[in-house]
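Atoms within a ligand are numbered from 1 in the order they appear, just like the ligands themselves.
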Amino acid sequence: MAYPTDFIWGAAAASFQIEGTTPSCPRGDSIWDAFCDTPGKVFQGHHARQACMHIERWREDVALMKELGLDAYRLSIAWPRVMPDGTGTVNEAGLDFYSDLVNELLASGITPYVTLYHWDLPLKLQQQGGWLNPQIVDWFTDYTRVVVERLSDRVKHWITLNEPQCFVLLGNQTGKHAPGLQLPEADVLRIGHHALLAHGRAVQTIRACSDQPAQIGIAPIGVVAIPQTERKVDIDAARQATFDNAGDTLFSSAWWLDPVFKGRYPESGVEPRLKDMPPIGPEDMAIISQPIDFCAFNLYEAGVVRAGAEGQVERLAYPPGHPMTAMDWPVTPEGLYWASRFLHERYKTPLYITENGLSCRDWVSVDGKVHDPNRIDFLARYLGYAKRACDEGIPLLGYFQWSIMDNFEWAEGYKDRFGLIYVDYATGERIPKDSYDWYRNTIRTGGNELPPWSQCGFMSDQVELEVVVKPRKPLRSDRDNKSQAGASTRRS
Ligand code: GCO
């Protein structure tokens, strides 16, 4: 079988990670600027003031996207570039930048998918409490309106929030990300509730203000458990581990997506947190569960489980030597299929994979090229499993590779490279890697040259796995060492 002919082949990036700043198109400070300025927070004190200087080189970047043959590019808007203080004054030069970028993409045959919030909260808003202040819902609504009024004559696809798990929990509970707070759980839950309300109000705002019928979604991390084998009992165990885990971790997909698609928080997460749950207004869940058009998810890795003798979920550790990325995330291609299948079963909505990719320590070889065979193999394996989802009739509409170019990887600075295009941060030079050519061919051939999914995985009942008896709560160190067996291993 083949990928559907209208499958969207994309790549993604995010404002703070690539844009940089320039006097002709300034931006207000975001919480990430302040975080980078705080000693010890970001690897070797790296900063994204320059990043990839996409703010100056965007035409060259779009030309490379066109050459790659992308159907779509997922970008994010920097709130502080559009509204330097977060509210009030609009920076027209900032809006012009995004408007010109959208025009260039469209002229190149590339559909823009626009994420409204990819973590760069205006610092001025953080100084007023940020996501903990209930007014953030209005602030975000106003910002959304400004962007939609300017771009929606040309932009049809919108993603409200990127990975609420990360910006809420890593930013405010573990302190690993900006704004670097370690708040009590009651505050963290309140922040999460405000984020979901902001999502719902943004959906309403886009629907009300868009010049054309919009396609709207949200992009959490796809936190999923995969079954060690395809025996029904193991599949049931994986489904259960995927959705009944909100008591163990707020990274849980159900914690963020049940409110959006079902209008309620999952009982498994509420019950152990009764004393800390935020006040929930009478209209809140209706706002949060505004109908949306698709569920997006970002997927890099997954936990593995099986059914124990009594049918109970057994969380398993990957065996020694299991393939790992440069960021120490286990390589789990099967996750793309199981996430698609489980999310579709539960939420009955079309899906997009809005991020997937491999971090390597790529460098320029003596021949002047950048050879990244592991990235090619990683992408082929994951795409093999995405194809399986399509073959089985799961409405997976598209795939966005992370990332079109190397960029600022948050607390890891520039250490880890995810790009199809190598960036020399000293000169700004772009060098397409081997994986760029490979992806171009994959797009050109509609995925038809990918290996069959049955050859793409690492899991089987032949692999001896150790049972991790006690699931544990996420640790602060997990951003550096994400291998928590069983549930989400990534960042949870
Ligand atoms: C995130 C973001 C991206 C990352 C990517 C690799 O998940 O952190 O969406 O900005 O760069 O996922 O970690």
Side-chain angles (χ1 to χ4, degrees), residues 10-19 30-32 35-36 41-43 46 48 51-52 54 73-79 113-121 159-172 174 176-178 195 217-224 251 253 256 296-302 324-332 335-336 339 352-362 375 378-379 382 399-421 423 435 474 478-483 488-492:
S15 47
F16 191 77
Q17 295 179 274
I18 64 168
E19 287 177 356
S30 78
I31 52 174
W32 270 96
F35 197 69
C36 293
K41 294 297 185 190
V42 175
F43 177 75
H46 294 172
C52 308
H54 176 69
Y73 169 55
R74 175 181 176 226
L75 64 126
S76 79
I77 308 273
W79 186 347
Y113 281 57
V114 173
T115 302
L116 287 163
Y117 186 73
H118 201 127
W119 306 2
D120 35 7
L121 183 73
I159 291 157
T160 55
L161 306 178
N162 180 69
E163 297 190 358
Q165 290 106 319
C166 284
F167 75 80
V168 172
L169 302 170
L170 298 177
N172 299 283
T174 71
K176 282 272 165 185
H177 277 188
I218 183 169
I221 316 179
V223 174
V224 68
F251 274 83
S253 295
W256 302 94
F297 62 96
N298 299 345
L299 192 131
Y300 295 82
E301 56 161 322
M324 297 271 241
T325 75
M327 290 171 79
D328 288 342
W329 300 348
V331 181
T332 57
L336 267 198
Y352 282 99
I353 296 157
T354 33
E355 285 180 28
N356 170 247
L358 174 70
S359 61
C360 291
R361 305 278 160 80
D362 307 298
R375 179 168 294 106
F378 178 103
L379 296 175
Y382 279 72
Y399 170 92
F400 291 80
Q401 186 271 348
W402 183 272
S403 171
I404 183 68
M405 68 185 98
D406 294 339
N407 60 50
F408 176 80
E409 178 54 26
W410 307 115
E412 332 306 324
Y414 299 102
K415 169 163 57 79
D416 299 295
R417 295 175 178 270
F418 277 88
L420 297 172
I421 299 169
V423 176
S435 58
D478 280 337
R479 169 78 197 184
D480 302 323
N481 177 15
K482 301 178 189 69
S483 301
S488 147
T489 53
R490 177 172 185 244
R491 295 173 183 170
S492 61

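Contacts of Asn298 with ligand 1, taken as heavy-atom pairs under 4.0 Å, involve the side chain alone. Under 4.0 angstrom from ligand 1, the non-hydrogen atoms of Asn162 all belong to its side chain. Contact annotation for His118 and ligand 1: only side-chain heavy atoms (C-beta onward) come within less than 4.0 Å of the ligand. Of the heavy atoms in Trp329, only side-chain atoms (C-beta onward) come closer than 4.0 Å to ligand 1.
Ligand-side atoms of ligand 1 in range of Phe418: 6 (C), 13 (O), range being under 4.0 angstrom from any heavy atom. Heavy-atom contacts of Tyr300 reach the following atoms of ligand 1: 5 (C), 6 (C), 12 (O) (cutoff under 4.0 Å).
Under the 4.5 Å side-chain criterion, counting only non-hydrogen atoms from C-beta, Leu121 is not in contact with Phe167. Inter-residue side-chain proximity for Asn298 and Phe400 is flagged as unmet; no heavy-atom pair is nearer than 4.5 Å.
Ring geometry, Trp79 versus Tyr117: the interplanar angle exceeds 60°, so the pair is classed perpendicular (tilted spans 30 to 60°).
The heavy-atom pair separating Ile353 from Leu336 by the smallest distance is CD1-CD2, 3.6 Å.
Where the criterion is an N or O separation shorter than 3.5 Å, residue side chain and backbone included, Trp119 fails it with respect to ligand 1. Considering backbone and side-chain N/O of Asn407, none are found under 3.5 Å from N/O of ligand 1.
There is a side-chain donor-acceptor pair under 3.5 Å between Ser15 and Asp120.
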Should Tyr382 and Tyr399 be marked as a ring-ring contact (aromatic ring centres under 6.0 Å, His included) after you check the CA-CA gap, both sets of side-chain angles, and the distance that decides it?
CA-CA 10 Å; Tyr382 279 72; Tyr399 170 92; 8.6 Å; no

